[in-house]
Trainee: 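I'd like to ask some things about the structure below.
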Amino acid sequence: MSFLRLYARVLGLLAAERRLAIVLALANVAVAGLQFLEPVMFGRVIDVLTTREGAAIWAETLPLLALWGAIGLGGIAANILVALHADRLAHRRRLAAMARYFEHVLALPASFHIETHSGTLIKVMLTGADSLFGLWLGFLREHLATFVALVILIPLALWLNWRLALLLIVLACIFAVLAVVVIGRTHRSQEAVNAYHSELAARAGDALSNVMLIQSYVRLALEAKQLADLMQRLLQAQFPVLNWWATVVVLTRAASTITVLLIFVLGAWLKTQGLASVGEIVSFMGFATMLIARLEQAMNFVSSLFFEAPVLTEYFKTLDERSLVNEKPGAATLVKVKGDVAFEHVTFAYETSRAAVEDLSFAAPAGATVALVGSTGAGKTTAMGLLHRLWDPTSGRITVDGADIRDYTLDSLRRNIGVVFQESALFHRSIADNLRVGKPDATMEELTQAARLAEAHDFILRQPQGYDTLVGERGATLSGGERQRLAIARALLKNPPILILDEATSALDTLTEARVQQALKALMKGRTTFVIAHRLSTIREADLILVLDHGRIVERGRFSELVQSDGPFARLVSVQGGLGGPPPVTQPG
Ligand SMILES: Nc1ncnc2c1ncn2[C@@H]1O[C@H](COP(=O)(O)OP(=O)(O)OP(=O)(O)O)[C@@H](O)[C@H]1O
Ligand SMILES: [Mg+2]
């Protein structure tokens, strides 16, 4: 039953080109239908040949042969139609299925992506699309015709000679029972096999994206062995399934052969009893071979659906994933943002752990700079993730210009917030393309201006192809500080009213940092800015400093106030050597 639902869903994806799909499937049914007539013709001709003599033979066979020829030509025409268009249709829909999956997955929330490795996601996209492709082609070329053929052939056979037809019905029952039993015994294992395949993709993807780690920790042999172990387990799950289905193949073949033999034996006996003519038996044999071929096709269909089912289920499951960060129906578009941001008793916990931020309340008036400091793991990045809705608070609310951010569309909210992430993510594209992420239509002047402000222009010009240099996967050809400056330039280009700088300058040397800070200062003017920094010297001019500890605000105020009080902030400052410069050097005595 669930197989049928799955198959219906597979065919449902053809909806965008349903007219062509239906025409092709019907053309196939027509081809199959024309084939029915062949054995009838054959039987008729044989009867004419065995019962008539002389000129009568020609008079009766010629019209039959002409009709036969016409049917053949009609079949060829339908075949050409199918051959020309079925593959093209399937190829188009395959890519469309990949595109749909791709867009869907990219829109899924951070929580989903943390749980599912990108290697698995790619595997599901590719194998899912291939499975769909195979089943669509099967449908366009064969499945419907097979189904229609069975529905027509079985009653027809009964009508032709019910005694002989009973043998065919027994054969069909044997096939059905075999399929049900073997599917029942193997479907769990096949699901396990698919799970192993997904795990394999995740492992391989994970290893490939950490090549440096593997090489420097000399883990190559170990990683290869772990992958081989996984493959071994995969084969152990796969082999019993293969054994069962090999048995199905052998048994269906044997059953078919025996049925053909029995039809001959029974036919000969019926002839001796005068219950059937030679022509009838010949016609029936034609039907029987066709019907058996169709029954075998039906079994092939069942087995291919069986083997593809786990892959397709996984594909559809991902398509059914819904974002937890939902957009309200009729959400407003955030335009002309002033930039008043407020957190009101915001609490948030990642699924498994304790609250990562707890009861966070503060206001950042438009244009203000708010700094978040605190030990690592205190919840700073999490709090800012909530502001651009990577997650939604478990309780409490965040407002922008007085309205809950959940009342705005996700796109419009995020368009108004620029983020320089703690880890500068870069595409495996040119530097210019990476900068344009913030503003797709940016001119070359705008790019260079932003790059200059972020102190990136000079190093970009030193790259072999300047702005057209490919940066490698995740920016592998650049230094940490260079990546960070590109990330800053990218945010500058986006020019958002609200800016989040998460350790934006942490990878820069003191001199470069000072220069970038100057640029950032200019940038922060007139925008609401959130600065997360471990180096406290960078937040001296913040309008408000929030000190976080274990997700809670433990102290708040301006720099000068906080250093004077004897609180956690003052202690942090003193550990960093007073004003955040290098720790004091003890003078040799
Ligand atoms: N995706 C996640 N799933 C589960 N827990 C998470 C996730 N991201 C962060 N955490 C946990 O939430 C807590 C807060 O993490 P967060 O990244 O906000 O800290 P942070 O203050 O930015 O630290 P750092 O200064 O090191 O960047 C940490 O205990 C961390 O382990
Ligand atoms: Mg962080």
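Index from 1, following the sequence. Atoms considered below: every heavy atom in the structure, side chains included; atoms not considered: hydrogens, waters and symmetry mates. In listed order, ligands and their atoms are each counted from 1.
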Trainee: Using a 3.5 Å cut-off on N or O atoms only, is Thr376 in polar contact with ligand 1?
Mentor: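 Yes, since at least one N or O of Thr376 sits under 3.5 Å from an N or O of ligand 1.
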
Trainee: Within the structure, does Gly374 bring an N/O atom to less than 3.5 angstrom of an N/O atom in ligand 1?
Mentor: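 No, Gly374 has no N/O under 3.5 Å of an N/O on ligand 1.
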
Trainee: Out of Gly377, Ala378, Ala533, who gets a non-hydrogen atom closest to atom 13 (C) of ligand 1?
Mentor: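 Heavy atom nearest to atom 13 (C) of ligand 1 belongs to Gly377.
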
Trainee: Using a strict cut-off of 4.0 Å, indicate which atoms of ligand 1 neighbour a heavy atom of Gln422.
Mentor: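 It comes down to these atoms of ligand 1: 24 (P), 27 (O).
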
Trainee: Quick test: of every protein heavy atom, which one is nearest to atom 25 (O) of ligand 1, and how far off is it to 0.1 Å?
Mentor: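 Among all protein heavy atoms, the one nearest atom 25 (O) of ligand 1 is Lys380 NZ, 2.8 Å.
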
Trainee: Among all protein heavy atoms, pick the one closest to atom 1 (N) of ligand 1 and tell me residue, atom and distance.
Mentor: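 Minimum-distance protein heavy atom for atom 1 (N) of ligand 1 reads Ile114 CD1, 3.0 Å.
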
Trainee: Atom 30 (C) of ligand 1: protein heavy atom closer than 4.0 Å?
Mentor: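 So far as the 4.0 Å threshold goes, atom 30 (C) of ligand 1 is out of reach of every protein heavy atom.
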
Trainee: Where is the tightest heavy-atom contact between Asp468 and Ser430, given as atom of each residue plus distance?
Mentor: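 Closest pair (atom of Asp468, atom of Ser430, distance): O-CB, 3.6 Å.
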
Trainee: Working note: Glu191 + Thr313, criterion side-chain hydrogen bond (donor to acceptor under 3.5 Å, both in side chains); need CA distance, chi angles, decisive distance, verdict.
Mentor: CA-CA 9 Å; Glu191 278 161 16; Thr313 308; over 6 Å; no

Trainee: Does ligand 1 have any atom sitting under 4.0 Å from a heavy atom of His534?
Mentor: yes

Trainee: If waters are left out, how many protein N/O/S atoms lie within less than 2.8 Å of the Mg ion (ligand 2)?
Mentor: 2

Trainee: Closer than 4.0 Å and a protein heavy atom, does any atom meet both conditions relative to atom 18 (O) of ligand 1?
Mentor: yes

Trainee: Looking at Lys439, Arg490, Lys494, Arg452, which hits salt bridge (charged side-chain N to carboxylate O under 4.0 Å, His left out) with Glu446?
Mentor: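 In the set Lys439, Arg490, Lys494, Arg452, the residue that makes a salt bridge (charged side-chain N to carboxylate O under 4.0 Å, His left out) with Glu446 is Lys439.
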
Trainee: Which pair of heavy atoms, one from Met524 and one from Val531, lies closest together, and at what distance?
Mentor: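 Met524 and Val531 have their closest heavy atoms at CE-CG2, 4.2 Å.
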
Trainee: Does the side chain of Asp509 pick up a donor-acceptor pair with the side chain of Thr512 at under 3.5 Å?
Mentor: yes

Trainee: Assess whether side-chain hydrogen bond (donor to acceptor under 3.5 Å, both in side chains) is satisfied between Ser424 and Gln484, documenting all intermediate values.
Mentor: CA-CA 6 Å; Ser424 339; Gln484 216 163 38; 5.0 Å; no

Trainee: Do any nitrogen or oxygen atoms of Glu503 lie less than 3.5 angstrom from nitrogen or oxygen atoms of ligand 1?
Mentor: no

Trainee: For Thr381, counting its heavy atoms only, list the atoms of ligand 1 lying under 4.0 Å from any of them.
Mentor: 17 (O), 18 (O), 20 (P), 22 (O), 27 (O)

Trainee: Is the charged tip of Arg219 near the ring of Tyr217: under 6.0 Å from the six-membered ring centre and within 45° of its axis?
Mentor: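 No, a cation-pi geometry is absent between Arg219 and Tyr217.
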
Trainee: For a quick test of your reading: what N or O donor-acceptor pairs under 3.5 Å do the side chains of residues 356-372 make, sequence neighbours left out?
Mentor:
| residue | atom | partner | partner atom | Å |
| --- | --- | --- | --- | --- |
| Glu358 | OE2 | Arg552 | NH2 | 3.4 |
| Asp359 | OD1 | His345 | ND1 | 2.8 |
| Ser361 | OG | His345 | N | 2.8 |

Trainee: Do any nitrogen or oxygen atoms of Ala356 come within less than 3.5 Å of a nitrogen or oxygen of ligand 1?
Mentor: no

Trainee: What residue and heavy atom of the protein are closest to atom 15 (O) of ligand 1, and at what distance?
Mentor: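 Ranking protein heavy atoms by distance from atom 15 (O) of ligand 1, first comes Thr382 OG1, 3.6 Å.
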
Trainee: Give me the nearest non-hydrogen protein atom to atom 5 (N) of ligand 1 as residue plus atom name, then the distance to 0.1 Å.
Mentor: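 Its nearest protein heavy-atom neighbour is Tyr350 CD1, 3.1 Å.
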
Trainee: Without hydrogens or angle criteria, can the side chains of Thr477 and Gln463 be said to hold a donor-acceptor pair below 3.5 Å?
Mentor: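 Distance-only check fails for Thr477 and Gln463.
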
Trainee: Using a 3.5 Å cut-off and no angle test, enumerate the donor-acceptor pairs between side-chain atoms of residues 97-113 and protein atoms at least two apart in sequence or in another chain.
Mentor:
| residue | atom | partner | partner atom | Å |
| --- | --- | --- | --- | --- |
| Tyr101 | OH | Leu121 | O | 2.8 |
| His104 | NE2 | Thr318 | O | 3.0 |
| His104 | NE2 | Leu319 | O | 3.1 |
| His104 | NE2 | Glu321 | O | 3.0 |
| His113 | NE2 | Val105 | O | 2.8 |

Trainee: Start with the C-alpha gap between Tyr467 and Thr448, add the side-chain angles, then the distance that decides, and say whether side-chain hydrogen bond (donor to acceptor under 3.5 Å, both in side chains) holds.
Mentor: CA-CA 9 Å; Tyr467 279 81; Thr448 46; 5.2 Å; no

Trainee: Mind checking whether Phe530 and Phe343 have parallel, tilted or perpendicular rings, split at 30° and 60°?
Mentor: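 Judged by the thresholds at 30° and 60°, the geometry between Phe530 and Phe343 is tilted.
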
Trainee: For Gln449, enumerate each residue passing the side chain to side chain contact (heavy atoms under 4.5 Å, CB included) test, keeping only those at least two apart in sequence or located in another chain.
Mentor: none

